[in-house]
Amino acid sequence: MWRLNKVRHKAVRHGDSLEELKLKRREHERALRQARRDRQLVSKRLLLNDDEDQPEVTMDTNTGEQDAVGLFLKLQHGGLGREAHLEALSKVLRDPSAQLAFLKQENSMHLLVGFLTGSDATCRLQAVRCLHELSHSPHASVSSACLPATPYLLTYLSGQSTKFSELCLYTLGNLCPDSDAVKEKLLAQGIIPALASCLENQRHNLAVVEAVGFTLSQFLQAKNAAEKIIPAVLASSLPSNLLSVLTPDPKFGLAPAIECAWCLHYLACSMKDNRELLAHGALLQCSSLLVSLGGAVAEGNKEEGLELFICPLLRCVGNLLSSCPVKELSTQAGDVRIVAALCTLVQAFLQSRPALARESAWVLNNLTALSSASCSALLTLNLVPGLMKLLPFSQGINTMILRILANIAHKKKHFCAQLTRCGLLSALCATLKMADQEMVTLSMDVLYMLVVGGPQVAEEFVKQGGFPLLEALQYNGEGAIRRRATHLLERHLLSCSSYCSENVPCS
Amino acid sequence: MLRPEPGRPESPRDARPGGGGGEGEGEEGEEGNPFDFAPQPVRLHRDHELFEDGDVLRHLYLQDLYVSEEAEDKRAVSEFACHFSSCSAVFSSLEEYEHHYNSLHRHVCCSCRRSLPSARLLDLHIQEWHDSLFTILAQRQDMYQCLVEGCGQKFRTSKHRKDHLVRIHKYPPDFRFDKTKKNRGTQQTKGQQQKDTAMEVVDEVCEGTSDPPEQGESMETYVCEEEAARMATPASSEEHADVSAADPSTESPSTEPPKARFSYRLVFKQVRWK
C-alpha cells in the first residue's frame with residue numbers, strides 16, 4: 001500500500017543533487033505528457049517488500065540472469081530450501097533482463113504456478129511475489145507469459161492474508177494494460193465479478209480496497225472500456241461499494257479514497273448517460289466531499305496528496321452535473337455551499353496547479369448553468385468580486401469565469417443589477433480590450449444582458465469609458481464581434497445622455 | 001477551448017431556443033439581435049485536453065514520482081522572462097518587466113547595438129556616431145545638440161556640450177557623457193563581432209561600470225538593473241530629469257499609451273503556466 005506520508009521517488013538515488021532530481025522529474029513528466037497525448041498513458045505499480053524503502057535495481061545484469069536461471073534449476077530439482085530459493089528468485093526477478101532469462105527456461109511459468117497452487121503457504125506467497133515482479137516488467141511479452149497464473153490469482157482474491165491479496169490484485173492490475181489479448185482473457189475469466197466480491201467482502205481492509213481500486217482503474221482506462229467493461233461494472237455492486245469507501249479514513253490516509261475516486265471519474269466520463277451513478281447518489285456524495293475538502297483547504301490544510309483526491313472528484317461532479325436531469329438537481333446537488341468550496345479551490349490552485357483551478361471553474365460553470373440557486377448563492381456569499389479578479393488570467397480560466405458570470409446574468413434581471421453593483425462594468429472594460437476573441441465576444445454578451453437588465457447601466461458603462469472600446473470593436477476581424485458591437489452601440493448606447501452630440505464620449 | 005456546442009447530444013440542455021429560459025433576454029425575438037448566449041453545461045470526455053495535467057499528475061503518483069506542491073519548485077503564474085532571446089532576465093511583475101524593457105531593449109541602435117534610454121538620445125546617437133554627413137558638417141558648424149530637450153543649443157564639440165550641461169543644466173561632472181569613438185573602439189568591435197543583440201550591450205555596459213571614469217563614459221546610460229532601478233524613482237532623477245534612464249514621462253507624453261500597450265502584448269506572450 002502506498003502511504004502518502006512517505007513520499008517515495010523512483011528517481012531518488014543517493015547522491016543525486018536537487019537539480020538532478022528536478023531534471024529527472026521533468027523528464028518523466030514530459031514522457032508522461034507525450035504518452036497522454038498519444039493516448040498511451042499507462043502505469044504499473046510495484047508493491048515493495050516490507051523491508052524495502054525504495055525500489056532497488058542495483059544488481060549487475062549478468063549476475064541477475066545467471067542467478068535467475070540458477071535458482072530456477074534448483075527449484076526444478078526439488079528438495080529442501082524451496083522457500084529460500086523462491087524468495088531469492090523474487091528479488092532477482094526485479095531486474096528486467098533476469099525476467100526474460102527466467103521465462104526463456106522451459107516450464108518456468110509452470111513451476112511458479114505449481115508453487116502458487118501448492119500446499120505450502122510460504123511458497124505460495126513467494127510465488128505470487130515472483131509473479132508480481134514479472135507483472136511489473138516493461139516488456140509486453142512477459143505479461144502474456146503470466147497468463148497461465150491468472151485464473152488462480154483471481155480465485156485467491158478473497159480470503160487470503162492482506163499481503164497476499166494485495167500482491168494478487170496489483171499483479172492483475174499490472175498485467176491489464178499490456179495487451180488486448182491479456183485484457184480479453186482476464187475479462188473472460190471473470191475479473192469484474194471477482195473484483196466486485198473482493199471489494200464487497202474486504203471493505204474494512206483499506207489496503208485491499210486501495211489495491212482493488214487500482215486494478216479496477218486499470219481496466220476502466222482501456223480504450224474500449226465503454227463497450228466492454230463499464231456496463232458490467234455498472235451492473236455490479238462496485239459503484240455503490242466504491243462510493244461507500246470514498247470518505248477518507250484519517251488514520252489510513254487518502255490512498256484508497258484516491259483510487260476509488262479515479263474509478264468513479266473513469267466511469268462518469270466514459271458514458272453519456274450516467275443514470276446508474278446518479279441513482280447511487282454519486283453526485284450527492286462527491287459534492288458533499290468537495291464541500292468539506294473546500295473547507296479544509298480554506299483553513300489552510302494542505303494535506304499532501306489532497307489534489308490527487310480533489311481532481312477526480314471535481315471531474316465526477318462536473319460530468320455528473322451535465323448528465324443530471326433538472327428535476328433531480330436539487331436533491332443531488334442541493335447544497336449551495338459547494339459554490340464557496342469551488343471558489344476556494346479555484347483561488348487555492350491558481351498558482352500551484354492551474355489546471356485544477358481550471359477544472360474547478362469548469363464545474364462552477366456547469367453548476368451555474370443549471371442551478372439558479374447556485375447563482376444566487378454566489379451573489380449572496382459575495383463571491384463574485386473574487387471571481388472577477390481572475391478575469392485577467394489567461395489559458396482558459398478567464399473564459400470560464402466570464403461564462404460563470406454570464407450564467408448568473410442570464411438567470412434573472414435583478415442578478416444583473418447585483419453584478420453591476422459588484423463592479424462588473426469596469427472589469428468588462430478591461431476584458432473588451434483583450435486579444436482573445438472568445439473573451440471579447442463573451443464580454444459583449446454579458447454587457448448586453450446587463451444593459452438590458454437595467455436602464456442606467458448603459459449610462460454607467462459610457463461614463464466608465466466603454467464607448468470607444470465598442471467603437472473600436474466595430475472594426476474587428478470577426479463578424480460576430482462587429483455585429484455585437486454595432487448592436488450595442490446603435491440600440492443601447494447612443495441614447496445615453498452621457499453620450500455627447502458631437503459623437504465623442506465625454507469622459 | 002471549451003466552447004459548448006449546441007445541438008450535440010452530449011449536452012442535453014442546449015436545445016432550448018434562445019437558451020436558458022431566464023429573464024435576461026429582453027429583445028429576444030427582435031430582428032438582427034446577434035446575442036445568443038445561453039448557459040451551457042459542458043461535458044468533458046476522458047481524453048479531453050483539459051484533463052491532461054490532472055492525468056499526468058495521477059500517473060506521476062502511480063509511478064512514485066509525485067511531488068507535492070510544497071516540495072516542488074513553485075513557478076508562480078506571474079513569473080515570466082524577457083522575450084529577447086539573448087536576454088535571460090526574469091520578472092515577477094509587469095512594472096519590472098516594462099522598466100527592464102524600456103531601459104534595455106526599446107531604443108537600440110541598429111548599427112552598433114547599443115541601448116539608449118530614450119528615443120531622442122537614440123536619434124542623437126545615430127546622428128553623431130553613424131552619420132557621415134554629420135561628421136562632415138561638424139567640422140564647419142555647431143552640430144552637437146544639448147541633451148536637454150527644449151534647450152536647443154548646439155556646440156562645436158562634445159566637450160563643449162559637456163561643459164554646457166555641467167555649467168548650465170547642473171549635470172554632475174562625472175555623469176556619463178559621450179565617449180569619443182576612439183575610446184570605445186575595442187569594445188565596439190567586440191560588440192559587433194558577437195551575434196547577440198541587446199544583451200551583449202548590457203554585458204558590455206555593465207562591465208563598463210568598473211571602468212575608471214577618465215576613460216570616458218558614453219551618453220547611453222548604463223543599464224545595469226540596479227542603476228536602472230535607481231534612476232527610475234522620480235524623486236532622485238529630478239536633477240537629471242531629461243537624461244535619466246527610463247523615465248518616459250520626460251518624453252513626449254503622447255507616446256506613452258502606445259508604449260504601454262506594446263509592452264503588455266509582449267508580456268502576455270511570455271506569461272507561462274507551469
Side-chain angles (χ1 to χ4, degrees), chain A residues 7-11 22 25 28-29 32-33 36 39 41 43 45 262 266 269-270 272 302 304-305 307-308 311 315 318-319 321-322 350-356 358-359 362 365-366 368-370 393-396 400 406-407 409-413 416 438 445 448-449 452-453 480 483-484 487, chain B residues 1-4 9-13 19-20 22-27 30 32-78 265 268 271 273-274:
Chain A
V7 176
R8 291 194 311 241
H9 297 284
K10 196 155 81 175
K22 276 193 211 166
R25 187 166 176 266
H28 282 292
E29 194 180 323
L32 287 179
R33 205 170 282 283
R36 208 287 184 168
R39 314 225 172 155
L41 187 55
S43 295
R45 280 190 128 174
W262 279 95
Y266 293 131
C269 69
S270 302
K272 292 178 188 163
K302 281 297 190 82
E304 200 174 320
E307 56 211 359
L308 294 163
C311 177
R315 296 174 179 196
N319 276 325
L321 275 172
S322 72
L350 193 62
Q351 305 276 337
S352 51
R353 302 276 188 208
L356 286 186
R358 205 154 47 230
E359 292 190 27
W362 160 61
N365 168 70
N366 283 8
T368 50
L370 297 168
F393 286 91
S394 63
Q395 300 256 336
M400 202 53 72
N407 291 345
H410 194 272
K411 287 286 183 294
K412 292 190 180 144
K413 278 202 163 95
C416 293
E438 196 185 345
D445 287 343
Y448 172 71
M449 288 189 275
V452 162
R483 283 191 287 278
R484 281 170 168 76
H487 194 278
Chain B
M1 182 176 14
L2 256 194
R3 224 172 288 231
E10 283 110 333
S11 21
R13 280 178 182 74
E23 298 167 27
E25 289 165 48
E27 294 134 73
E30 195 181 302
N33 183 334
F35 295 99
D36 56 2
F37 174 81
Q40 203 74 261
V42 177
R43 193 186 141 259
L44 296 177
H45 62 85
R46 200 182 64 196
D47 296 314
H48 199 281
E49 55 175 340
L50 204 84
F51 286 162
E52 181 180 300
D53 280 16
D55 286 349
V56 168
L57 192 69
R58 154 74 174 162
H59 282 263
L60 282 171
Y61 163 69
L62 288 178
Q63 298 187 18
D64 282 337
L65 293 165
Y66 167 76
V67 183
S68 71
E69 43 182 282
E70 281 79 39
E72 217 181 295
D73 165 31
K74 265 195 267 207
R75 271 191 270 164
V77 166
S78 54
R265 221 180 294 139
F268 277 109
V271 171
W273 295 80
K274 184 169 63 65

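Each chain gets a letter, A, B and so on, in the order the sequences are listed, and its residues count up from 1. Bear in mind the structure is a predicted one, so any value in this text is a computation, not a measurement.
- Because its NZ or CZ atom is not both nearer than 6.0 Å to the ring centre of Phe35(B) and within 45° of the ring axis, Arg483(A) does not count as a cation-pi partner of that residue.
- Nearest approach of Pro41(B) to Ser322(A), heavy atoms of both residues: CB-CB, 4.1 Å.
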*Would you please test Leu32(A) and Glu52(B) for side chain to side chain contact (heavy atoms under 4.5 Å, CB included) and show each step?*
CA-CA 10 Å; Leu32(A) 287 179; Glu52(B) 181 180 300; over 6 Å; no

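- Expressed to the nearest 0.5 Å, how far CD of Glu307(A) lies from OH of Tyr61(B) amounts to 12.0 Å.
- Counting only heavy atoms from C-beta outward, the side chains of Arg58(B) and Leu41(A) never approach each other to under 4.5 Å.
- For Asp55(B), the salt bridge (Lys or Arg N to Asp or Glu O under 4.0 Å) test picks out Arg36(A), Arg315(A), with sequence neighbours left out.
- When every heavy atom of Ser43(A) is checked against every heavy atom of Gln63(B), the shortest pair comes out as OG-NE2, 2.8 Å.
- Between Asn365(A) and Gln40(B) the shortest side-chain heavy-atom distance does not fall below 4.5 Å.
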*Going through the checks in order, is the salt bridge (charged side-chain N to carboxylate O under 4.0 Å, His left out) test met by Arg353(A) and Asp53(B)?*
CA-CA 9 Å; Arg353(A) 302 276 188 208; Asp53(B) 280 16; over 6 Å; no

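- One finds the CG atom of Asn319(A) at 5.5 Å from the CG atom of Leu44(B) (value rounded to the nearest 0.5 Å).
- Listed for the Asn366(A) side chain is a donor-acceptor partner under 3.5 Å among the backbone atoms of Val42(B).
- Side-chain contact between Trp262(A) and Leu62(B): absent, with no pair of heavy atoms (C-beta onward) separated by less than 4.5 Å.
- Side-chain contact between His45(B) and Cys269(A): absent, with no pair of heavy atoms (C-beta onward) separated by less than 4.5 Å.
- Nearest heavy atoms, Cys311(A) versus Gly54(B): SG-CA, 4.1 Å.
- Remark: His48(B) NE2 to Glu359(A) CD distance equals 10.5 Å, nearest 0.5 Å.
- Annotation: side chain of Lys411(A) is in contact with side chain of Pro39(B) (closest heavy-atom distance under 4.5 Å).
- Looking at Arg39(A), the atoms closer than 4.5 Å to chain B (heavy atoms on both sides) all sit in the side chain, from C-beta outward.
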